[in-house]
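Written out below as structure tokens is the structure these notes cover.
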Amino acid sequence: MPTGAITEYIDVAQLALYAFWIFFAGLIIYLRREDKREGYPLESDRSGSITVQGWPAMPPPKIRRVAFGTAPMPNARDTRPVAAEPHGNFPGAPLEPTGNAMLDGVGPAAYANRANVPDVTIDGIPRIVPLRVTAHHSVADGDPDPRGMTVIGADGQSGGTVRDLWVDRSEEIFRYLEVAVPTPSGGRNVLLPVNFTKIDGARRQIKVASILGAQFAQVPAHASPDQVTLLEEDRIAGYYGGGTLYAEPSRREPLI
């Protein structure tokens with residue numbers, strides 16, 4: 001028999017090829033199961049009792065150990081009611097909001113049901129805090145200081161005045177502007193993500209294109225005056241993100 005042969009019909013190279021095929025098939029099945037940890041089981045338009053997961057089935061849940069305890073299961077079902085109804089009587093019809101989509105978390109205003117605890121640094125202290133509680137951060141020399149500037153909405157109306165800046169201690173960047181907003185029931189402070197702003201230092205104005213001036217009064221609140229939780233961050237970002245489509249009716253209409 002030739003070198004490497006086990007029998008006249010089987011040799012080492014053939015066994016290595018079969019082993020590779022088995023390994024590769026197992027790898028594909030493993031990866032296909034792992035990518036079902038988010039988004040599965042799918043929701044059926046026909047019945048809420050139908051589980052749509054395909055083959056292979058979803059993997060068993062994993063438990064993630066994080067600083068504040070145990071994180072939610074990656075494939076846990078979100079049971080929050082959706083404040084929207086199908087726009088048509090056919091499977092896959094787009095959803096039409098039934099209330100205030102920016103607050104109900106519909107479409108671009110959707111947010112993840114994250115843990116309602118603040119994010120922390122490697123030292124275990126709150127990661128995102130206002131400048132008034134940290135002595136190690138400040139606005140860089142030469143940069144415009146937003147404090148005291150007027151916040152202008154997409155309609156050109158004032159939404160409030162910047163009261164403070166919130167800094168990310170881990171990334172060393174500003175994440176939010178704290179805006180003092182007047183309301184009929186009294187003033188309140190809301191957070192404005194820096195990524196949604198355009199700071200005009202010459203005019204002492206901050207322009208926000210995603211929402212209108214009057215809508216700053218409805219920005220989701222953060223419970224602690226000097227901390228913001230992961231859930232609150234997602235709700236706040238979802239509100240401004242949803243405003244890009246839902247802030248005024250004309251934004252939901254076709255461009256042509």
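Contact annotation: the side chain of I128 never approaches that of P118 to less than 4.5 Å [non-hydrogen atoms, C-beta and beyond]. Taking 4.5 Å as the limit, some side-chain heavy atom of D226 sits within range of a side-chain heavy atom of R132. For the pair L191/R175, no side-chain contact is recorded, criterion being any heavy-atom separation below 4.5 Å from C-beta on. Put simply, the side chain of Q218 reaches to within 4.5 Å of the side chain of N100, judged on heavy atoms. Within the 4.5 Å cutoff, the side chain of E96 has no heavy atoms near those of the P86 side chain. Side-chain contact between R252 and Y246 is present, with heavy atoms from C-beta onward closer than 4.5 Å. Counting only heavy atoms from C-beta outward, the side chains of N113 and R80 approach each other to under 4.5 Å. Inter-residue side-chain proximity for V151 and V162 is flagged as met; some heavy-atom pair is nearer than 4.5 Å.
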Decide yes or no on salt bridge (Lys or Arg N to Asp or Glu O under 4.0 Å) for R235 and E232, but give the supporting numbers first. CA-CA 5 Å; R235 292 190 63 194; E232 291 167 347; over 6 Å; no
Side chain to side chain contact (heavy atoms under 4.5 Å, CB included) between M149 and Q205, intermediate numbers included: CA-CA 5 Å; M149 291 187 183; Q205 290 183 348; over 6 Å; no
Verify side chain to side chain contact (heavy atoms under 4.5 Å, CB included) between L95 and E85, making sure each step is shown before the conclusion. CA-CA 5 Å; L95 298 179; E85 296 178 348; over 6 Å; no
Going through the distances and angles, do Y176 and V167 end up as a side chain to side chain contact (heavy atoms under 4.5 Å, CB included)? CA-CA 7 Å; Y176 300 98; V167 63; over 6 Å; no
Stepwise side chain to side chain contact (heavy atoms under 4.5 Å, CB included) check, E178 with L165: CA-CA 6 Å; E178 183 178 320; L165 292 84; over 6 Å; no
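Put simply, L103 and L245 are part of the same group of oily side chains (I, L, V, M, F, W, Y) that touch within less than 4.5 Å, one to the next. In the hydrophobic clustering of ILVMFWY residues, with side-chain heavy atoms under 4.5 Å counting as a link, V117 and I122 come out apart. Side-chain heavy atoms closer than 4.5 Å link hydrophobic residues (I, L, V, M, F, W, Y) into clusters, and following such links, possibly through other members, connects F20 to Y18. Transitive grouping of hydrophobic side chains (ILVMFWY, heavy atoms separated by less than 4.5 Å) brings V129 and V139 into a common cluster. V82 and L231 are assigned to two separate hydrophobic clusters, defined by single-linkage of ILVMFWY side chains at heavy-atom distances under 4.5 Å.
H137 and W166 have their aromatic ring centers separated by at least 6.0 angstrom. Between W21 and F24, the gap from one ring centroid to the other reaches at least 6.0 Å.
Taking CG of L177 as the start and CG of N189 as the end, the distance is 12.5 Å to the nearest 0.5 Å. To the nearest 0.5 Å, the span separating CD1 on I152 from OG on S158 amounts to 5.0 Å. To the nearest 0.5 angstrom, D143 atom CG is 10.0 Å from S138 atom OG. Interatomic distance, CG of D119 versus CG of L230, reported as 5.0 Å (0.5 Å rounding). Considering CZ of R204 and CD1 of I199, their distance stands at 10.0 Å, rounded to 0.5 Å. In this structure, CG on L27 lies 13.5 Å from CD1 on I22, to the nearest 0.5 angstrom.
Shown here for T183 and A217, the closest heavy-atom pair between the two residues is CG2-CB, 3.8 Å. Contact between D164 and P130 at its shortest, heavy atoms only, is OD2-CB, 3.6 Å. The shortest non-hydrogen separation linking P144 to G201 is CB-CA, 4.1 Å. In this structure, P126 and T121 approach most closely via the heavy-atom pair O-CG2, 4.2 Å. Counting all heavy atoms, side chain and backbone alike, G160 lies closest to P182 at CA-CD, 4.3 Å. Between A109 and A101, the shortest heavy-atom contact is CB-O, 3.3 Å.
With a 6.0 Å radius and a threshold of 12 heavy atoms from other residues, nucleotides or ligands, I173 has its CD1 atom above the threshold.
Ion pairing between a basic and an acidic side chain is recognised when a charged N comes within 4.0 Å of a carboxylate O; E171 and R127 show such pairing. With respect to R169 and D123, no salt bridge is recorded, no charged nitrogen being found less than 4.0 Å from a carboxylate O.
Relative to the six-membered ring of F174, R147 misses at least one condition, a distance below 6.0 Å or an angle of at most 45° to the axis.
Judged purely by atom type and a 3.5 angstrom limit, R188 uses its side chain to pair as donor or acceptor with the backbone of V219. Remark: side-chain polar atoms of Q53 are paired, donor with acceptor, to backbone N or O of M58 under 3.5 angstrom. Checking side-chain atoms of D155 against main-chain N and O of G213 turns up a donor-acceptor pair under 3.5 Å. Although no hydrogens or angles enter the test, the distance criterion places a donor-acceptor pair under 3.5 Å between the side chain of K36 and the main chain of P56. Checking side-chain atoms of D200 against main-chain N and O of A202 turns up a donor-acceptor pair under 3.5 Å. Using modelled atom types, one side-chain atom of T197 and one backbone atom of V194 make a donor-acceptor pair closer than 3.5 Å.
With F196 as reference, Y240 is the one residue of Y240, Y239, F216 to meet the ring-ring contact (aromatic ring centres under 6.0 Å, His included) rule.
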